[in-house]
Amino acid sequence: MQYEAIRVRRLSPVIGARVEGIDLARPLGNQQFQEIHDALMAHLVLFFPDQRLTTDQHVAFSRRFGKPMIHPAAKQEIEGHPEIRVVRADENSKIVAGDAWHSDMSCEANPPMGSALYVTEVPPDSGGDTLFANMYAAFEALSPPVRDMLRGLTAIHSGAHVYSNAFYDKDGEKRIPQAEHPVVRVHPVTGRECLFVNAGFTTRIVGLTKLESDSLLAMLLRHCEAPAFQCRLQWGEGGLALWDNRCAQHHAIFDYWPHRRYGHRVTIGGDAPFGPRRLSPARSRGAR
Ligand code: SIN
């Protein structure tokens, strides 16, 4: 692909690119936006190093790609910005958010199309990288009979075991987000098929016995973790990563305790996933 407004360099043959020659603090022109969008569709995760952004600028950049979502379980920590999810680890942290393969908030009926994480503090001596994996490549690497079987299946994605805080919908009802999505998702922009199950949220495949569901899920999740589908992002202070949650998974590596790492994530709203056979647009089970 030819770019005129940005410079794009691959992070690996299969996923990820570093984007230079652009200052995200300034409003994006139409050509800049179009080229970043094209690069995101081609590489699934883009890394913009050495940015200096205010929270308003970070949110304005994210808004070009869709409406920010308010994370149901996140503490609202940044005054006037409920859409910011703080990503923080320090000497008191025993765990960090995102330390398992997942696609952000896939337990929602309309899971986010993407996320934009801006990291302003990194561990002093390496660590705190994030792995990303290409779910088009994962799907295409399966054998034709398995691909065909998966095209007819849906799976439950649940937040019950993930979110420790109770959270409430606008009527004040306690809500545990849970949704049913096709196992093979058709990307709404590229039209390509990708695997849409992840270790963080997917709990069972609908219509199978427990043994069948557990075994098939275990196989798929192990398959998705193959290094050949991945890149590893080393952040650096002021790095912003924009990723497509519809066709990529990620895994934050917590290997830097007791050091600090700090960033802000904007999660960008998306559509109900649909499968190749138009099985079911995501049905929210909305367990209460
Ligand atoms: C996440 O959004 O899952 C966190 C990613 C990271 O901290 O690198």
Side-chain angles (χ1 to χ4, degrees), residues 11-12 15-16 18 40 44-49 51 53 55 58-59 61-62 65-66 68-75 77-78 81-90 92-108 111-123 126-135 157 159 161-165 177 196-202 221 224-225 230-270:
L11 292 175
S12 85
I15 185 170
R18 182 180 169 98
L40 183 65
L44 288 57
V45 53
L46 302 180
F47 180 58
F48 302 85
Q51 301 292 324
L53 303 179
T55 300
H58 176 195
V59 173
F61 168 74
S62 309
F65 298 86
M69 288 171 81
I70 297 182
H71 196 289
K75 279 190 264 158
E77 296 190 58
I78 309 296
H81 282 291
E83 71 280 59
I84 294 287
R85 174 157 210 204
V86 173
V87 171
R88 170 194 293 113
D90 58 26
N92 300 314
S93 303
K94 295 197 169 50
I95 53 167
V96 296
D99 184 11
W101 281 105
H102 66 288
S103 167
D104 291 326
M105 296 163 69
S106 71
C107 55
E108 293 288 339
M113 64 74 58
S115 302
L117 175 60
Y118 177 50
V119 169
T120 47
E121 233 182 301
V122 292
S126 78
D129 298 348
T130 306
L131 298 170
F132 289 88
N134 180 329
M135 291 300 109
H157 295 236
H161 57 290
V162 181
Y163 302 134
S164 48
N165 301 346
F196 196 65
V197 290
N198 66 81
F201 292 103
T202 314
L221 298 178
C224 289
E225 291 176 11
Q230 297 176 16
C231 71
R232 180 169 178 137
L233 178 60
Q234 288 180 299
W235 285 86
E237 207 179 288
L240 183 142
L242 172 68
W243 62 84
D244 188 331
N245 280 304
R246 299 167 293 194
C247 52
Q249 297 187 21
H250 58 285
H251 184 314
I253 305 173
F254 187 33
D255 57 356
Y256 51 91
W257 185 90
H259 299 298
R260 279 178 59 87
R261 181 176 182 267
Y262 182 91
H264 287 175
R265 189 181 93 189
V266 179
T267 314
I268 305 164

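Atoms within a ligand are numbered from 1 in the order they appear, just like the ligands themselves. Quick note: residue numbers are just sequence positions, from 1.
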Assess the pair Phe48 and Phe61: is the distance between their ring centroids shorter than 6.0 Å?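 Yes: the rings meet the under 6.0 Å criterion.
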Restricting to ring pair (Phe, Tyr, Trp, His ring centres under 6.0 Å), what partner residues turn up for His251, sequence neighbours left out?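 Per chain and number, His251 pairs via ring pair (Phe, Tyr, Trp, His ring centres under 6.0 Å) with Trp101.
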Hey, are His157 and Ser106 close enough side-chain-wise for a donor-acceptor pair under 3.5 Å?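 Yes - a donor-acceptor pair under 3.5 Å links their side chains.
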List ligand 1's nitrogen or oxygen atoms that come under 3.5 Å of a protein nitrogen or oxygen, with the partner atom and distance.
from	atom 1	to	atom 2	distance (Å)
ligand 1	2 (O)	Arg265	NH1	2.7
ligand 1	3 (O)	His102	NE2	2.9
ligand 1	3 (O)	His250	NE2	3.0
ligand 1	7 (O)	Arg261	NH1	2.8
ligand 1	7 (O)	Arg261	NH2	3.4
ligand 1	8 (O)	Thr130	OG1	2.6
ligand 1	8 (O)	Arg261	NH2	2.8

How long is the straight-line distance from CG of Asp129 back to CG of Asp255, given to the nearest 0.5 Å?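 Nearest 0.5 Å value for the CG-CG distance: 6.5 Å.
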What residues, two or more places apart in sequence or in another chain, satisfy side chain to side chain donor-acceptor pair (under 3.5 Å) together with Arg246?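 For Arg246 the side chain to side chain donor-acceptor pair (under 3.5 Å) partners, ignoring immediate neighbours, are His187, Asp244.
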Asn245: partners by side chain to side chain donor-acceptor pair (under 3.5 Å), with sequence neighbours left out: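 Listed in chain order: Ser115, Trp243.
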